Amino acid sequence: MEKVKRNVLLNPGPSTTTDTVKYAQVVPDICPREKEFAGLMKGIREDLVKIVHGDLEKYTSVLFCGSGTINIDVCINSLLPADKKVLVINNGAYSTRAVEICKFYGLPHIDLKFPVDQRPDLDIVEKTLKENPDIGLVHITHNETGTGLLNPIREIGALVHKYNAIFTVDTTSTYAMRPINIEEDNIDFCMASAQKGLMSFTGLSFVIGNRAILEASKDFPKRSYYCNLYLQYECFEQTGEMHFTPPVQTIYATIQAIKEYWAEGEEAKWARHTRVFNAINNGLDELGFKQVIKPEWRAGLVSSAIYPDDPNWSFEKVHDYCYERGFTIYPGKISTTNTFRLCSLGAIDEDDIKDFFVVFKEALVSTGVQIPVNYKN
Ligand SMILES: *Cc1c(COP(=O)(O)O)cnc(C)c1O
């Protein structure tokens, strides 16, 4: 096996992969309609449920060919009963995406906004549910990847169930990293894609959820031909296959990635991401960078640093300096503050972060940014 140049990706996915996962894509050509291939997907579907500690009788998973956004689209358009409304609890860019999906499908919805650096106010959430008994589906993002804020899904899920709605949680940037227990966390449906926590490749996304609700959704209005959750589930249950062509090579890589997930173990993997996250925060603190989210509200996977007030600061120049040396940093996703992000996803460890900060500091020095960095207030 030839060694592939190793880049340390500090963007919020796709993440750095192992060479064994990279090479797992190189397989003899196969038609995905062969039984041999359908068998592979059955194993993945079960593993995906086990990763969130779901009981295989009660929970199931459905695979789609697409990037992570397809899951948000699928859940919202498929899980809203007739004559009901969606409530999106919105404190960031990814929940805003869910609101846009409601708009594109013309679905009745409430966009319940909170500031991007704040957790949602549970009293307001409950009041909204109480005053709107026609809310049938509540959607939230677990780790708002735009900022790194962790939302209290277990508490919100309890409220959603108290008012008899379905709870969908975008766990794309926590799944297979920060431990999740689908039942105890009061999640009806969660989601992710292979290129994030699983450290595989883009092209495979999946929704994991409550089988009884999924089966009941057979009678909900069908709003999409390609992206309907029940139709894809039915196809898997009847034939073991996706309705349309699956991402064959990504599926092989993901099988290897799941093997590596079980070999590393949930606890050890989360401990590694936490080490990386702490190393990133210490590095930023030492250089004087301020962050958007207060420490106790961070999900432990995304650090969102504020641009310093230094006339020489240029995100592009610093990015290019690091990129040429094998480290990818990423812009922020907040309209009100200029930020950049450093993420703890992927097959990296704290030594990579030490190496990164050597390069990052060089980039600041070479572009004339004062260290520690300055802020006007
Ligand atoms: C990455 C991500 C997605 C998916 O984005 P794509 O660009 O479609 O892969 C969705 N939700 C969250 C929270 C994410 O972090």
Side-chain angles (χ1 to χ4, degrees), residues 9-17 48 52 61-77 79 86 88-102 104 114 116-117 119-120 138-153 156 167-178 180 185 187 189-209 224 226-227 229 247 250 253-254 257 273 277 292-293 297-304 328-334 339-346:
L9 301 186
L10 300 174
N11 48 294
S15 52
T16 298
T17 57
L48 293 176
V52 288
S61 74
V62 183
L63 312 180
F64 289 90
C65 184
S67 81
T69 305
I70 198 172
N71 294 323
I72 313 176
D73 187 325
V74 162
C75 283
I76 291 198
N77 89 60
L79 291 170
V86 183
V88 180
I89 301 173
N90 182 0
N91 56 353
Y94 289 90
S95 291
T96 300
R97 200 172 285 182
V99 172
E100 282 168 7
I101 289 167
C102 292
F104 270 73
F114 295 96
V116 294
D117 58 351
R119 298 173 76 176
V138 178
H139 180 88
I140 194 167
T141 309
H142 192 198
N143 167 20
E144 257 298 349
T145 320
T147 54
L149 181 121
L150 183 72
N151 278 317
I153 55 169
I156 291 174
F167 190 38
T168 61
V169 184
D170 180 352
T171 52
T172 313
S173 59
T174 44
Y175 183 91
M177 294 180 284
R178 196 184 170 92
I180 294 170
D185 286 329
I187 298 170
F189 293 87
C190 61
M191 59 195 79
S193 44
Q195 81 275 16
K196 297 223 174 170
L198 284 177
M199 313 192 305
S200 177
F201 293 99
T202 316
L204 179 68
S205 292
F206 39 86
V207 174
I208 301 142
S224 169
Y226 195 81
C227 294
L229 185 61
T250 297
T254 304
H273 290 302
F277 183 69
V292 178
I293 303 299
W297 287 353
R298 295 176 192 161
L301 291 157
V302 174
S303 301
S304 205
T328 301
I329 65 173
Y330 205 67
K333 222 181 189 17
I334 314 177
T339 57
F340 66 95
R341 285 177 285 173
L342 301 176
C343 306
S344 326
L345 282 67

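Just follow the structure's listing: the first ligand is 1, and inside any ligand the first atom is 1. Keep in mind the model is a prediction, meaning the values are calculated, not measured.
Ligand 1 is surrounded by S67, G68, T69, Y94, R97, T141, T145, D170, T172, S173, Q195, K196, each with at least one heavy atom closer than 4.0 Å.
Residues S95 and T141 have side chains that bring a donor and an acceptor to within less than 3.5 angstrom of each other. In this structure, a donor-acceptor pair under 3.5 Å is present between the side chains of T168 and H139.
A253 approaches F201 most closely through the heavy-atom pair CB-CD1, 3.6 Å.
With hydrogens and angles disregarded, no donor-acceptor distance shorter than 3.5 Å links the side chain of R341 to the backbone of S303.
Here the CG-CG distance, from L198 to L204, works out to 8.5 Å after rounding to the nearest 0.5 Å.
With sequence neighbours left out, N11 forms a side chain to side chain donor-acceptor pair (under 3.5 Å) with no residue at all.
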